[in-house]
Amino acid sequence: MAMAIRVFLLSLLFLSFADHSFSLYEDQAGLMDWHQQYIGKVKHAVFHTQKTGKKRVVVSTEENVLASLDLRHGQIFWRRVLGANDAIDGVDIVLGKYVITLSSEGSILRAWSLPDGQMVWESFLQGSKPSKSLLSVPINLTVDKDNVILVFGKGCLHAVSSIDGVVLWKKDFSAESIEVQQIIQPLGNDKIYVVGFVGSSEFDVYQINAKNGELIKHTSAAFPDGFFGEVLSVSSDMLVSLDSTKSILVTINFQNGEISFKKTHISDLVGDHSGIADILPSKLSGVFAVKINTLLVFIRVTAEGVLEVVDKINNAAAVSDALSFSEGQQAFALVEHVDGKVLLTLKYSHDWNNDLLKESVEVGHQRGLVHKVFINNYIRTDRSYGFRALIVMEDHSLLLLQQGATVWSREEGLASIVDVTVSELPVEKAGVSVAKVEQNLFEWLKGHILKLKGTLMLASSEDIAAIQDMRLKSSEKSKMTRDHNGFRKLLIVLTRAGKLYALHTGDGRVVWSLLLPSLRKSGSCEHPTGLSVYQWQVPHHHAMDENPSVLVVGRCGPNSDASAVLSFVDTYTGKELNSLGLVHSVAQIIPLPFTDSTEQRLHLLVDTDKHAHLYPRTSEAIDIFQREFSNIYWYSVEADNGIIRGHVLNRNCIGEVVDEFCFDSRELWSIVFPSESEKIIATVTRKLNEVVHTQAKVVADQDVTYKYISKNLLFVATATPKASGEIGTATPEEASLVVYLIDTVTGRILHRMAHYGSQGPVHAVFSENWVVYHYFNLRAHRYEMSVIEIYDQSRADNKDVWKLVFGKHNLTSPISLFSRPEVIVKSQSYYFTHSVKTIAVTSTAKGITSKQLLIGTIGDQVLALDKRYLDPRRSVNPTQAEREEGIIPLTDSLPIIPQSYVTHALKVEDLRGIVTVPAKLESTTLAFAYGVDLFLTRMAPSRTYDSLTEDFSYALLLITIVALIAAIFVTWVLSERKELQDKWR
Amino acid sequence: MKQTIMSQLLLLLFSLSLLISSSLAFQSDELLIEEEDLGSEGGFPDLAHIRSSPQPPTTTRRRYSESDQDSKIQFSLEHAFGDSDFSPAGIFNARLKTWNHGAQTLTKLRFSRNDFTEVDKEKFQNLLKGDDFYRIRLPSNVLSSPGREYVISSVKARCLPRESLDEHFVIHMEGVNILAVNYGAPGACPHPRQLKLPAKWSFKSHTVLKNSEQAPRAPVFSEDILGETAEGEVVPPPERSFWAKYWMYLIPLGLIVMNAITQAMNMPEEQGGGQAQQPGAAVQRGPTPAVRRR
């Protein structure tokens, strides 16, 4: 009987193996993976209101995404991601059906179909001089019955047909020394005014015939005080600017070609003020806004050019452009922060005293300040005008406000992830309420009956839908507790806005988010940027009751010499525990392999002066640190300079203040690449937390080789400076790529190899004892991938069993990197069809499972490629023994199997990074790909050999067992009876 | 008899060691290993190819190549004890070989090491006591020393002393540039580093010059096959199996063998009947058993 069950179980197991193959079945999509689409921080928004059926807003973002959003729910109708160096400068709608975008510094103009986002036409605008790029769509300017789009970019003014993108005429300003600021097209006029500065103290106006681009008139006037910044057009013939001292407002009137200036001291308008004045770029007709520190002053310009203050508002956040609605009335929105709420006020531009609308909306305090506001009007059910406002917050999120409430919000901060780390969830507490169990039990039974139906093919189509739905929304995977397999974790992501999010790996929802106070703009920290996240405290063993925490490192400014900020955040609650504003800068952060008694990891922060600072600043930490003091080495890469240096700690810093946590460093070694022939283009190291299961590798014929496993290996790729640009700029003769394996403790070059006729970009991944890198071969006109494996020869003679038995081997002796290494290096190259954005490798808990490379392709997908394809021992005709070992016959190119796309049908737009996290189950790893989109999936590179698949029907197994037991009893009874009858006979 | 051989051997060894040690005491020796062959399969044509491809000749190079084909150059090794400043420690002499295409390489590298002065010895002993670093540096360009910057390498001082001070240089070259120098003991440096003073304060130096190897190219065998067929060369017919080729001979042979076997099997039966028969007759009677079997 037991045998029968065992056999049955085994067969089931095999069935489940067969089921769960390398790729997914259609109904498995979304089961173990989730995908989220984002667009990024909105720069421009244009509302589409012509056809009332579909209310849409078209937005362009800082991630170079053009998207059409549903105004009711905030979903994406369509989305187009332009390349990283194709920034969108302007968006508008023409003819009510095309979205026009101007991108790449005013050189590419595209029209997209409004309903579906298909590109209608594209035109490349030629120009020679870099300049400001301006897009203007005059309302009713036509040339030969064709609506005209005016584009200024690269020093040229183009009039482009809106129907087919043909350039109607072109006026080149690059010969003139004018810096064009504005293009003004007065209504009902065939003239275009192009205004700008020559130098800083001359103002020029060009009048141009809109029909043919001929210059009508050119006037210029000198303004000896000089201008500062940009001009703002207040009305069709009036401009406002600041003078070079930033204390005088200059109104420029250029009516009829006559230029006149009028100066007004800001202090005359506002009274005493200190601080720098800035003109807000919001286009409000007849009014403009000047920001002085936190004070916002609205100033009206009369027809004579006289300025008068309309209002002064403290702590105003943002002002929208003016929106014209019903018969020439214009309104604009003003957003203020009052008592933690957002106060939205709509005002008429001509009548200041009446507010059109005043609403106070709660948006949640983890969103920070309002950065931008866009407004749109609609007609209410009572035929009056209603307004809705699209606001962009400090954390890059996008919200739609209407009728005093938030209609929808989008967490667009997640489109710009800077760094990712992982935190475990809390352990499940004992004692679950009875009601919960009962409900669960009922659902459990119901679910299993449904599943049984599905297995026995009795399920109707609704049942199948219900089963699928149940599988997708399984409450099991989104629980807030640790699971046995380690699939449920928290992904802690830091975004460019300085916001920290905790995402649940089960379903990708945001568990908590925190706009880090230390990474917000403040007086002491002008331009804070988040750099990276580290696991600060990972409690286990004796410190179990403490919550884990992460360390967020940032700096106050774009340069590396800016002072650093540290922030410590509890990953269960999402609260900031502590934050430090440091006096020193941060160039490098080194997590040390030591923890203190509360499981806080020691971190070494190296500043730009090569001083090392130890954190946490406790005496316990310094004790631990002193013990390992002489064994701490690090390296620094000066990519611009072409030098790699090795450092060692020396002694405490010498300074006026005694700081026992600060240490001097000493240069130990240096590698100087010849600047005329080599330029560092890539450096890669092993992941610090990578686990290697075994050092020995059994090769064919029962032979053993030993992997050279060192945490201190650095892979460096250099290219000739000429060939470090884009592909095609260098000939194969002048391009070469040199790769190095460097020991970072001694600076020893373990391996050095040149690929002649090849060039970057190089993408590489380092794991265990191998490096895989991707580059372009100019001679073969193809991308190539190479593998380098490094083996330790000093242990190679430990093959004798007797040596091992009698302990005469050197496997347990300590290794010193100062010994001369005996290594051998194997290498092989293959062609690879795709260009690559990033490469990662799967990592598992114990490192037993074979590895797969995760390749982020140019199509924004993630391709899984078995490491066995990149084995330098591959040969054309492997021997029988090698075949048994799993060596694949050599081919010239690496195969791309369509089923092995991890992202299956999805795309991770603008893919930037792939992070792999080991699950507790050895066979399984979590892969998180991020870009503008987020994607997480569970992978089993060698299939799930250590667990049953999720859709394994336990109920069916149970029923089978019950049925078998019943059958045993029945047959037993029958046989007893028969025996009895036999005896009676 | 045995003893005499032993003593002779000992004498020989002794004299040999004397010879070596005397030469050591006299002048620091150095070993020259030049890895000129650039990878095992490279060879000279490959080398020429390598040299031609990388960089355009710089002005300094041109000057030298114009003046003479092989010029002697020297550059100095400098050392420092712990944090001290660098001071001269030896001279490398080499021959600068200029290839036809303008590229230059170093050959025939010789190294003369200065012996430690008394001050140096004291400093070095301090390093040994403190388990500190002994640092050396070379110019990053052998023609215009120090080039952009010095290349530095260091080792824990306790790794060096053996009988004498054993050191091992690996100099990574790229034309006339020194990329890096790897300095250390020629063999292992076991981890718990023991404080041990050298018996002799002289250096035993080994120097290796290394240039970059060429990476293996991606295999292109599929194109080769295509190319051959396109050229119209004779494509060898697919190898047929042994059976396919010789079946017409094998079948009759098999029949004969079978026949013979059956005959041999039948022989004992018939032996009972016709004991006195001639062996030749048996052959003649061959067909009969076959007929009988049918």
Side-chain angles (χ1 to χ4, degrees), chain A residues 630 641-646 648 650 666-678 720 732-739 742-743 746-749 751-758 777 780 782 784 786 794 813-820 827-831 872 876 890-893, chain B residues 38-39 49-50 52-56 58 82-83 131-133 135 137 139-141 146-156 158-159 168 170 172 174-193 210-223:
Chain A
S630 62
N641 213 0
I643 298 178
I644 301 178
R645 296 174 202 276
V648 70
N650 200 2
R666 172 152 44 139
E667 193 177 329
L668 217 52
W669 54 266
S670 64
I671 295 173
V672 181
F673 296 105
S675 55
E676 71 274 9
S677 64
E678 292 184 39
T720 37
E733 283 71 35
E734 57 195 19
S736 73
L737 185 81
V738 192
V739 294
I742 296 167
D743 184 298
T746 58
R748 225 177 257 283
I749 297 179
H751 187 59
R752 177 176 166 208
M753 193 166 79
H755 295 268
Y756 296 103
S758 297
N777 186 334
R782 280 200 261 187
E784 271 184 12
S786 288
S794 63
S813 63
I815 304 168
S816 170
L817 289 169
F818 289 109
S819 305
R820 198 170 148 221
S827 170
Q828 211 167 54
S829 303
Y830 317 88
Y831 293 122
V876 181
L890 183 62
T891 48
D892 58 346
S893 58
Chain B
L38 291 162
H49 158 72
I50 292 164
S52 70
S53 48
Q55 338 85 3
T58 56
D83 283 336
D131 192 18
D132 209 345
F133 288 99
R135 307 200 286 163
R137 72 176 187 190
S140 67
N141 190 311
R148 232 157 29 102
E149 206 169 296
Y150 286 99
V151 290
I152 305 174
S153 187
S154 9
V155 72
K156 287 271 184 188
R158 287 188 184 179
C159 289
H168 187 268
V170 183
H172 293 269
E174 174 68 52
V176 292
N177 292 301
I178 298 178
L179 273 176
V181 54
N182 299 151
Y183 180 69
C189 179
H191 172 55
R193 287 182 287 271
K210 268 195 177 170
N211 280 302
S212 78
E213 299 169 19
Q214 189 174 9
R217 299 223 178 101
V220 275
F221 41 82
S222 63
E223 285 180 8

(Q) To the closest 0.5 Å, what do you measure between CZ (Phe673(A)) and CG (Asn177(B))? (A) 12.0 Å

(Q) Can you tell me how far apart CG (Asn777(A)) and CZ (Arg217(B)) are? Round to the nearest 0.5 Å. (A) 8.5 Å

Q. Quick one: salt bridge (Lys or Arg N to Asp or Glu O under 4.0 Å) partners of Glu667(A), sequence neighbours excluded?
A. Arg645(A)

Q. What residues form a salt bridge (Lys or Arg N to Asp or Glu O under 4.0 Å) with Arg752(A), not counting sequence neighbours?
A. Glu174(B)

Q. If you tally heavy-atom pairs under 4.5 Å against chain B, which of Ile742(A), Leu817(A), Asn641(A) wins?
A. Asn641(A)

Q) Side chain, backbone, both or neither: which part of Ser675(A) has a non-hydrogen atom closer than 4.5 Å to chain B? A) both

Q. Which answer fits Arg137(B), side chain, backbone, both or neither, if we ask what part of it has an atom under 4.5 Å from a heavy atom of chain A?
A. neither

Q: Count the heavy-atom pairs under 4.5 Å between each of Cys159(B), Gly187(B), Ser140(B) and chain A, then report the option with the highest count.
A: Gly187(B)

Q. At what distance, to the nearest 0.5 angstrom, does OG of Ser670(A) lie from CZ of Arg148(B)?
A. 10.5 Å

(Q) Less than 4.5 Å to any heavy atom of chain B: does that hold for the side chain of Val739(A), its backbone, both, or neither? (A) neither

(Q) Using a 3.5 Å distance criterion without hydrogens, assess whether the side chain of Ser819(A) forms a donor-acceptor pair with backbone atoms of Ala188(B). (A) no

Q) Are Asn182(B) and Thr746(A) close enough, and set up right, to give a side chain to side chain contact (heavy atoms under 4.5 Å, CB included), and what steps lead you there? A) CA-CA 8 Å; Asn182(B) 299 151; Thr746(A) 58; over 6 Å; no

Q.
Between His755(A) and Gln214(B), does the side chain to side chain contact (heavy atoms under 4.5 Å, CB included) criterion hold? Intermediate values first, please.
A. CA-CA 6 Å; His755(A) 295 268; Gln214(B) 189 174 9; over 6 Å; no

Q: Could you tell me whether the side chain of Ser154(B) reaches within less than 4.5 Å of the side chain of Arg666(A), counting heavy atoms only?
A: no

Q) Once you round to the nearest 0.5 Å, how far does CG of Leu668(A) lie from CZ of Arg135(B)? A) 7.5 Å

Q) Considering only heavy atoms, which portion of Asp131(B) lies under 4.5 Å from any heavy atom of chain A: side chain, backbone, both, or neither? A) neither

Q: Would you give the length of the straight line joining atom CZ of Phe133(B) to atom CZ of Phe818(A), rounded to the nearest 0.5 angstrom?
A: 4.0 Å

**Q.** Closest non-hydrogen atom pair, Ser212(B) against Tyr756(A)
**A.** OG-OH, 3.6 Å

Q | Nearest-0.5 Å distance that lies between atom OG in Ser677(A) and atom CG in Leu179(B) | A | 7.5 Å

(Q) Report which part of Glu784(A) has an atom under 4.5 Å of a heavy atom belonging to chain B: side chain, backbone, both, or neither. (A) side chain

